[in-house]
Amino acid sequence: MPFACASARCKTPCWMRNVLLAAGLCHLSFAVWAICWPCLWFDGSGIEHPNHPLMWQGAGLVMGVLGFAMLVVRAHTGMPPTRAEPLSIEEAASRYTLSNGKSLAAASESKLLALVFLRHFGCTFTRQILRGLEGIQREATAHGAELVLVHMLQNGKETAFLGEGSGVARIADPCCELYRAFGLGKGGVLELFGPHVWWRGAIAIFHGCGVGHLAGDGLQMPGAFLFRDGKIISSQRARSAADLPDLPGLFQALPSPASRDTVSP
C-alpha cells in the first residue's frame, strides 16, 4: 500500500480515514444507546430485561472508548498520498542520520545495527519497549550490534520520552519515509484494535506501562531489523501494534555470522 508524507505528517488513503470515521461513529452510537437506554433493545425484541443491566452498560462504555480511539487516530492520519513510491533502502540510508551525526549507510559500514522502529510514544507498547530498553540494548551488544531507535518526532523531541535511554542512538523520521523504505506500512482496524492488541494492551497497562497522547502517526506499524553495509540481513515486520521486537529471534534468523552481508529472503 503506497503512502506519502508532507509537513511532517504521513498521508493515508481516503478509504482508511472514512473507515475509521464510520467505525468510530458506530461504536460511539452503540455506546450512547447501551449506556442511556440499556433495556431499549430488550423491550423492542420482546426479551426479558437482563438481571444486571450494568454489564450491558459496561459493554457500551468499552465500545465508546474504542470508538473515541478510532476518531483520535483518524485525526492524526493526514491527507491522501501524493507520492506513490517510497524511497529505496539505499536512498533512505544515505539521507537519514543517527543522533551521532553519521548517516545510516555510513554507520552500517563499520558495525551491525539493530534497528527498532517504534510506534508513537503515547502507545502503551512503545512504553513497554522503553521500559525494557536496557535489556534490548544488552542483547544487541552481546551480539556485536549497536541498537538504534527510529521514531516519528522531530529531531531532539524524543528525549522527553526516553528518560535514561536518551543515550541510545536514534533516528528521527517525522515523515515516515524510513519506515516506508523498510516496508513498514499503516495498520488497519484489526492490526490496531483487534482482540489480541486489546489483550496485550491490558496486560501492559496492568504492569504500569500506561498510555499517553499521540506523539507520532497513530496508524504507523513498528518493526525491527538487522542492518549491515546498507542491507537488511534479518527482519521482523510487526503484524499487529502489540508485536514487540524480538532481538534473539532476529539474530537466530541470520543465515551466517553477524558480519556477513547477505540479504535475508
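All residue numbers in this chain count up from 1 along the given sequence.
- Leu153 approaches Pro174 most closely through the heavy-atom pair O-CD, 3.7 Å.
- Atoms CZ and OG, on Arg200 and Ser240 in that order, are 7.0 Å from each other to the nearest 0.5 Å.
- Considering only residues two or more places apart in sequence or on other chains, Phe227 meets the ring pair (Phe, Tyr, Trp, His ring centres under 6.0 Å) condition with Phe182.
- Under the 3.5 Å distance criterion, the side-chain polar atoms of Thr126 are matched with a main-chain donor or acceptor of His120.
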Candidate pair Phe161 and Leu118, rule side chain to side chain contact (heavy atoms under 4.5 Å, CB included), full reasoning: CA-CA 12 Å; Phe161 298 92; Leu118 301 173; over 6 Å; no
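- No side-chain heavy atom of Asp243 sits under 4.5 Å from any side-chain heavy atom of Phe125.
- Considering SG of Cys176 and CG of Leu184, their distance stands at 10.0 Å, rounded to 0.5 Å.
- Closest approach of Gly185 to Gln220, counting heavy atoms only: O-NE2, 3.0 Å.
- A donor-acceptor pair under 3.5 Å is absent between the side-chain atoms of Arg239 and the main chain of Glu191, judged by distance alone.
- Put simply, the residue from Leu104, Leu226, Leu147, Ile171 that forms a side-chain contact (heavy atoms from CB on, under 4.5 Å) with Leu113 is Leu104.
- One finds the CZ atom of Arg170 at 9.5 Å from the CG atom of Asn100 (value rounded to the nearest 0.5 Å).
- Between the CD atom of Glu91 and the CZ atom of Arg95 there is a distance of 6.5 Å, given to the nearest 0.5 Å.
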Test side chain to side chain contact (heavy atoms under 4.5 Å, CB included) applied to Val168 and Leu162, step by step: CA-CA 9 Å; Val168 178; Leu162 292 176; 6.0 Å; no
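- Ser103 contributes no side-chain N or O that, together with a main-chain N or O of Ser94, makes up a donor-acceptor pair within less than 3.5 Å.
- Here the CD-CG distance, from Gln236 to Leu250, works out to 3.5 Å after rounding to the nearest 0.5 Å.
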Evaluation steps, side chain to side chain contact (heavy atoms under 4.5 Å, CB included), between Met152 and Phe121: CA-CA 9 Å; Met152 293 178 278; Phe121 280 107; over 6 Å; no
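- With hydrogens and angles ignored, the 3.5 Å screen pairs no side-chain donor or acceptor of His143 with any backbone N or O of Ala145.
- Between Leu219 and Leu192, some side-chain heavy-atom pair lies under the 4.5 Å cut-off.
- Residues Ala181 and Ser88 approach most closely at CB-O, 4.1 Å, considering heavy atoms.
- A distance-only check finds no donor-acceptor pair linking the side chain of Glu134 to the backbone of Gly132 [under 3.5 Å].
- Under the side-chain hydrogen bond (donor to acceptor under 3.5 Å, both in side chains) criterion, Arg138 pairs with no residue at all, not counting sequence neighbours.
- The two residues Phe251 and Glu139 come nearest to each other via the heavy atoms CE1-O, 4.2 Å.
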Criterion side chain to side chain contact (heavy atoms under 4.5 Å, CB included) on Leu149 and Leu133, from CA distance to verdict: CA-CA 10 Å; Leu149 300 178; Leu133 192 59; 4.0 Å; yes
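- Counting all heavy atoms, side chain and backbone alike, Ser99 lies closest to Ala169 at OG-CA, 3.6 Å.
- Arg119 places no side-chain N or O within 3.5 Å of a backbone atom of Met221 that could act as its donor or acceptor partner.
- Looking only at distances, no side-chain donor or acceptor of Tyr179 sits under 3.5 Å from a matching main-chain atom of Asp173.
- How far OG of Ser234 is from CZ of Arg228: 14.5 Å, rounded to the nearest 0.5 Å.
- Of all the heavy atoms in Ala224 and Pro245, the pair that sits closest is CB-CB, 3.9 Å.
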